[in-house]
There are 2 protein chains.
Amino acid sequence: MEDSKIHLSEEQKTLVERLGMTYERSGMTQVASRILGLLLVSEDPDLTFDQLQATLGVSKSAISNSLNFLINTNKIEEISRLGERKRYFRSKVLQWKEEIKKSSSQMTQFTDLLKTVLKQRPGNTLEFNQNLAELIDFMEFMREEMPMLFKKWESRKK
Amino acid sequence: MEDSKIHLSEEQKTLVERLGMTYERSGMTQVASRILGLLLVSEDPDLTFDQLQATLGVSKSAISNSLNFLINTNKIEEISRLGERKRYFRSKVLQWKEEIKKSSSQMTQFTDLLKTVLKQRPGNTLEFNQNLAELIDFMEFMREEMPMLFKKWESRKK
DNA sequence: TTTTTGGTTCTGTACCAAGAGAACCAAATT
DNA sequence: AATTTGGTTCTCTTGGTACAGAACCAAAAA
């Protein structure tokens, strides 16, 4: 495993770190976050295990665990190249359309829970109940509207 | 501090716990999550420090820390009642409209970061760059559309 | 002034998760 | 058959955090 560290300009390093911070805020580990950042910033969008390790300067286990996590949570994908044994990893951030569709079913679940809450509430807390009903209604509205919004966006594209 | 435990039906207890699980999944602590759940389920939407403590059956410090956390992250608000010293706490989940507006500015920030990434990318990764540009475009589109969506929703309401 | 109320802060413990480092292993290469 | 490559898995350390319990404290009440 020779030194396959990728060269990054100062600006690129900063970007990897800033993207990393953004992902960390959503609860990801530092290493996983930086992998995602690096996969967006690096010139080649497909990087190998050892390129990631050498560039980020962390242990193999950290990379291995993070890659598995990112694959399980559908943030990256594995690419194999013909005639090559080693695998390449690519960010799936750019396949965001599917993600959005999945989040719709999560939303439905939460909405259902809120409906149950509303149903068992006493009738005397009028304003509260109305606000809750509004929230539920809005979430359902959004779920219905999303497909149309998508169409609108697509047709608007140059 | 007499026993100010709130009585909850079995269904209500289950709901507090299920709401709690939902919040925990988003990274909140157990106590903070259950406070949020309880504030949605309890008959009175405004609860005091000791009602929370007695009902959830945890230590004062746990309540104190969680309440501070929830206030800092804007999930609950403090209410004072005239002539009363003790404070009441209320969930802000139902003030979701403001939250949505704030999330729009967060989105702008992330979009800006992605724009910076795109700008410094080499020109030879065409598909990648196009996908990234699309993502940026869609996020900006969403931000623009939100106000209109809101209007549409409001006018549709019975 | 003393006591009570409504909390906050400090200290200690227990747990958990991230990451390092090394051992390990299967497939490919020599 | 021996070695190298491309990782995975195991163990250990470290750091952080949630929570309990108790001490503490300021404002209000008595």
Side-chain angles (χ1 to χ4, degrees), chain A residues 1-6 17 20-21 23-39 46-73 75-90, chain B residues 1-6 17 20-21 23-39 46-73 75-90:
Chain A
M1 223 177 266
E2 87 283 24
D3 191 44
S4 34
K5 184 148 110 189
I6 289 177
E17 191 239 302
M21 291 299 292
Y23 287 117
E24 277 185 70
R25 248 174 265 136
S26 79
M28 250 177 244
T29 71
Q30 202 179 54
V31 175
S33 302
R34 288 180 178 177
I35 289 177
L36 283 184
L38 181 53
L39 287 176
D46 299 351
L47 299 181
T48 66
F49 190 103
D50 55 306
Q51 284 179 313
L52 291 170
Q53 197 208 333
T55 310
L56 296 180
V58 297
S59 70
K60 286 170 86 175
S61 56
I63 296 288
S64 180
N65 292 330
S66 293
L67 286 178
N68 287 331
F69 168 80
L70 290 171
I71 287 167
N72 288 334
T73 54
K75 302 292 184 194
I76 63 171
E77 62 186 335
E78 257 169 299
I79 311 277
S80 50
R81 292 188 186 170
L82 279 164
E84 274 192 71
R85 186 183 166 199
K86 72 179 123 188
R87 290 171 292 156
Y88 289 79
F89 301 93
R90 174 186 297 178
Chain B
M1 221 177 266
E2 87 284 24
D3 190 42
S4 33
K5 184 149 108 188
I6 289 178
E17 191 239 301
M21 291 300 292
Y23 288 118
E24 277 185 69
R25 248 174 266 135
S26 80
M28 250 176 243
T29 72
Q30 204 180 49
V31 174
S33 302
R34 289 180 177 177
I35 289 176
L36 283 184
L38 182 54
L39 288 176
D46 298 352
L47 299 181
T48 66
F49 189 102
D50 55 306
Q51 284 178 313
L52 292 170
Q53 197 207 332
T55 310
L56 296 180
V58 297
S59 69
K60 286 170 86 174
S61 55
I63 297 289
S64 179
N65 291 331
S66 292
L67 286 177
N68 287 331
F69 168 78
L70 290 171
I71 287 167
N72 288 335
T73 55
K75 302 291 182 194
I76 64 172
E77 61 186 336
E78 257 170 298
I79 310 277
S80 50
R81 292 186 185 171
L82 279 165
E84 276 192 72
R85 186 183 166 197
K86 71 180 121 186
R87 290 170 290 157
Y88 290 80
F89 300 93
R90 175 186 297 179

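The model shown is predicted, which means the values in this text are computed figures rather than measured ones. Chain A is the first sequence line, chain B the second, and so forth, proteins listed ahead of strands; every chain is numbered from 1.
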Pairwise 5' ranking along DNA chain C for A:A32 and B:F89, keeping only the more 5' one: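 It is B:F89 whose nearest nucleotide is closer to the 5' end.
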Output the single nucleotide from [options] whose closest atom is nearest the side chain of [X].
X: A:A62; options: C:dA20, D:dG7, D:dG21; value: C:dA20
X: A:N68; options: C:dG21, D:dT8, D:dC19; value: D:dT8
X: B:V58; options: C:dG21, D:dT8, D:dA20; value: D:dA20
X: B:K86; options: D:dG21, C:dG6, D:dT8; value: C:dG6
X: A:V31; options: C:dG19, C:dC10, C:dA20; value: C:dG19

Any side-chain heavy atom of [X] sitting closer than 4.5 Å to one from [Y]?
X: A:I35; Y: A:I63; value: yes
X: B:M28; Y: B:T73; value: no
X: B:F69; Y: B:K75; value: no
X: B:L52; Y: B:V58; value: no

Per-nucleotide protein contact along nucleotides 24-30 of chain C, 5' to 3', at a 4.0 Å heavy-atom cut-off (B base, S sugar-phosphate only, - neither), is --BBS--
Return the angle between end axes of the helix from C:dT1-D:dA30 to C:dT30-D:dA1, with five pairs used per end and rounding to 10°.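 The end axes of the helix from C:dT1-D:dA30 to C:dT30-D:dA1 are about 10° apart, to the nearest 10°.
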So, the side chain of B:S66 versus the backbone of B:A62: is there a donor-acceptor pair under 3.5 Å, distance only?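 Checking the backbone N and O of B:A62 against the side chain of B:S66, a donor-acceptor pair under 3.5 Å is found.
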Counting N and O atoms only, with roles assigned by atom type, does the side chain of A:S64 sit under 3.5 Å from a partner on the main chain of A:K60, one being a donor and the other an acceptor?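 Checking the backbone N and O of A:K60 against the side chain of A:S64, no donor-acceptor pair under 3.5 Å is found.
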Using OP1 and OP2 only, check whether a side-chain N or O of [X] sits under 4.0 Å from [N].
X: B:T29; N: D:dC19; result: yes
X: B:S64; N: C:dT8; result: yes
X: A:R87; N: D:dG6; result: no
X: A:R34; N: C:dA18; result: no

At less than 3.5 Å, do the side-chain atoms of B:S61 and the base atoms of D:dG21 form a donor-acceptor pair?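 Indeed there is one.
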Single hit among B:K86, B:E84, B:R90 for side chain to side chain donor-acceptor pair (under 3.5 Å) with B:Y88: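 Among the candidates, only B:E84 passes.
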Which residues pass the salt bridge (Lys or Arg N to Asp or Glu O under 4.0 Å) test with B:R87, sequence neighbours left out?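 Applying salt bridge (Lys or Arg N to Asp or Glu O under 4.0 Å) to B:R87 gives B:E78.
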